[in-house]
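Below is one structure, written out as structure tokens; the observations come after it.
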Amino acid sequence: EPGHLFFQASCSYRTTTTTTAPPSGGLKNGEEKLEQTPQDGEDIRPEMKDDIRDPTYQDEEGPPPKLEYVWRNIILMVLLHVGALYGITLVPSSSFLLFFCGLGITAGAHRLWSHRTYKARLPLRVFLIIANTMAFQNDVYEWTRDHRTHHKFSDTHADPHNSGRGFFFAHVGWLLVRKHPAVKEKGSLVNMSDLKAEKLVMFQWRYYIPAALVTSLVLPTVVPCYCWGETFLHSLFIPTILRYVMVLNVTWLVNSAAHLYGYRPYDKNISSRENILVSVGALGEGFHNYHHAFPYDYSTSEYRWHINLTTFFIDCMAAIGLAYDRKKVSKASVLARIERTGDGSYKSD
Ligand SMILES: [Zn+2]
Ligand SMILES: [Zn+2]
């Protein structure tokens with residue numbers, strides 16, 4: 001039987017090799033020490049010798065061996081590495097869109113239009129409204145109405161994504177069912193006069209559906225196909241669907257995770273919490289206990305550039321004169337609030 005043959009073969013192999021005598025001299029400089037291996041000394045492992053270097057074996061003199069290419073392996077390895085390089089080029093272009101759409105929500109719909117925490121000149125507002133349209137999360141007018149209602153009536157049935165109804169409802173469930181009557185009733189009373197007076201916001205509102213379909217779904221699928229030969233399916237699934245779904249979920253995590261998991265150092269009487277992971281994903285929007293306590297702070301955080309790419313972006317825009325009048329709560333007010341309503345988790349520096 002084959003197993004028996006193999007056993008015999010290995011036995012006979014061993015008997016021939018174990019008789020090989022250890023080398024003695026005649027080696028090049030620097031190799032002498034190798035001779036003083038345990039094989040000269042005590043026999044601490046008699047059953048295995050074949051991993052000990054055999055200095056008696058030397059290459060034959062002459063030209064280096066001729067290479068015989070194994071084309072199957074070469075082709076596979078080249079394809080694998082080209083594919084990986086290509087993958088690297090795909091991800092950043094989609095990441096760029098991810099960041100761009102994210103800013104349309106965080107710096108645009110949220111910090112600029114919903115909360116008026118800073119002012120932006122027309123070129124920046126145009127940039128943000130395009131990014132916001134591409135994010136395809138409702139037009140700025142509707143997003144702002146829902147969001148102001150969320151802040152004003154937090155944790156009641158008038159809160160569109162009331163986290164008291166559980167993680168799933170606060171995350172996406174609220175978009176899958178009809179609004180609670182209290183949301184409609186209270187939401188319709190929220191003051192929206194500033195947005196009604198802003199031509200750019202009303203322009204987006206008027207042409208929203210065709211504009212969102214073109215910027216969010218058609219362009220990111222068609223442009224990579226025609227401009228740099230991307231396949232249709234790659235364009236459809238990576239910069240369009242994957243990017244869209246990622247921005248949606250990261251935004252929703254602010255409503256779900258950042259209302260359920262984390263400390264409440266600024267106000268223990270509200271559901272929103274400080275959640276570092278949400279801040280990482282949502283470009284700085286996870287400092288949510290602070291944000292509900294001080295909704296007028298342009299950084300949505302006590303800090304500025306700490307895990308907060310949106311604040312960094314707004315500050316860059318301010319440096320080139322496109323953003324101004326950034327509202328920041330004083331340290332004294334923050335400390336007074338912590339003292340008055342915090343949960344005691346605040347670590348002072
Ligand atoms: Zn907010
Ligand atoms: Zn909230």
Side-chain angles (χ1 to χ4, degrees), residues 102-118 120 128 132 135 137-138 140-175 179-180 182-183 186-187 190-192 194-195 201 247-279 281-303 308-311 313-314 326-329 337 341 343:
L103 286 176
I105 298 298
T106 62
H110 192 218
R111 301 190 195 184
L112 178 66
W113 284 299
S114 291
H115 294 297
R116 298 290 180 190
T117 63
Y118 69 102
L128 290 173
N132 179 273
Q137 292 189 9
N138 272 344
V140 164
Y141 185 87
E142 201 168 325
W143 204 101
T144 295
R145 195 192 55 214
D146 280 341
H147 195 68
R148 287 178 183 173
T149 309
H150 164 63
H151 273 264
K152 192 168 182 182
F153 306 105
S154 281
D155 314 322
T156 71
H157 284 306
D159 176 349
H161 31 84
N162 176 11
S163 63
R165 296 174 72 177
F167 185 97
F168 189 79
F169 180 83
H171 194 75
V172 62
W174 67 285
L175 292 165
K179 282 183 160 84
H180 190 284
V183 174
K186 293 291 177 188
V190 168
N191 184 1
M192 299 291 289
D194 57 325
L195 292 187
V201 171
V247 178
L248 281 178
N249 276 278
V250 162
T251 307
W252 295 337
L253 280 172
V254 180
N255 301 332
S256 55
H259 270 268
L260 294 166
Y261 312 118
Y263 289 113
R264 291 180 279 192
Y266 306 99
D267 193 338
K268 61 176 185 284
N269 305 311
I270 56 179
S271 73
S272 65
R273 291 144 201 269
E274 300 290 285
N275 190 305
I276 295 288
L277 287 177
V278 172
S279 272
L283 314 178
E285 301 280 61
F287 305 98
H288 211 52
N289 188 242
Y290 181 91
H291 175 57
H292 274 260
F294 304 101
Y296 30 81
D297 191 311
Y298 89 104
S299 194
T300 68
S301 159
E302 180 184 343
Y303 314 100
N308 207 324
L309 279 171
T310 305
T311 299
F313 170 78
I314 296 170
R326 291 161 291 168
K327 304 274 190 278
K328 192 88 193 79
V329 177
R337 182 67 178 262
T341 56
D343 68 357

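Along the sequence shown, residues carry numbers from 1. Both counts, for ligands and for their atoms, begin at 1 and track the order of listing.
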Original post:
What's the NE2-the Zn ion (ligand 2)-NE2 angle here (His288, His259), rounded to 10 degrees?
Top reply: 90°

**OP:** Give, for atom CG of Leu253 and atom NE2 of His259, the distance between the pair rounded to the nearest 0.5 Å.
**Re:** 12.0 Å

Original post:
Counting only protein atoms, how many N/O/S atoms are less than 2.8 Å away from the Zn ion (ligand 1)?
Top reply: 5

Subject >> Within the 6.0 Å centroid threshold, strictly below: His161 and His147 >> reply: no

Original post:
Quick one: are Arg111 and Lys327 in side-chain contact, heavy atoms under 4.5 Å?
Top reply: no

Original post:
Does the gap between the ring centers of Tyr290 and Tyr266 come in under 6.0 Å?
Top reply: yes

Original post:
Is it true that a side-chain atom of Asn275 and a backbone atom of Gly286 form a donor plus acceptor pair closer than 3.5 Å?
Top reply: no

Original post:
Is a donor on one side and an acceptor on the other found under 3.5 Å between the side chain of Thr117 and the backbone of Asp297?
Top reply: no

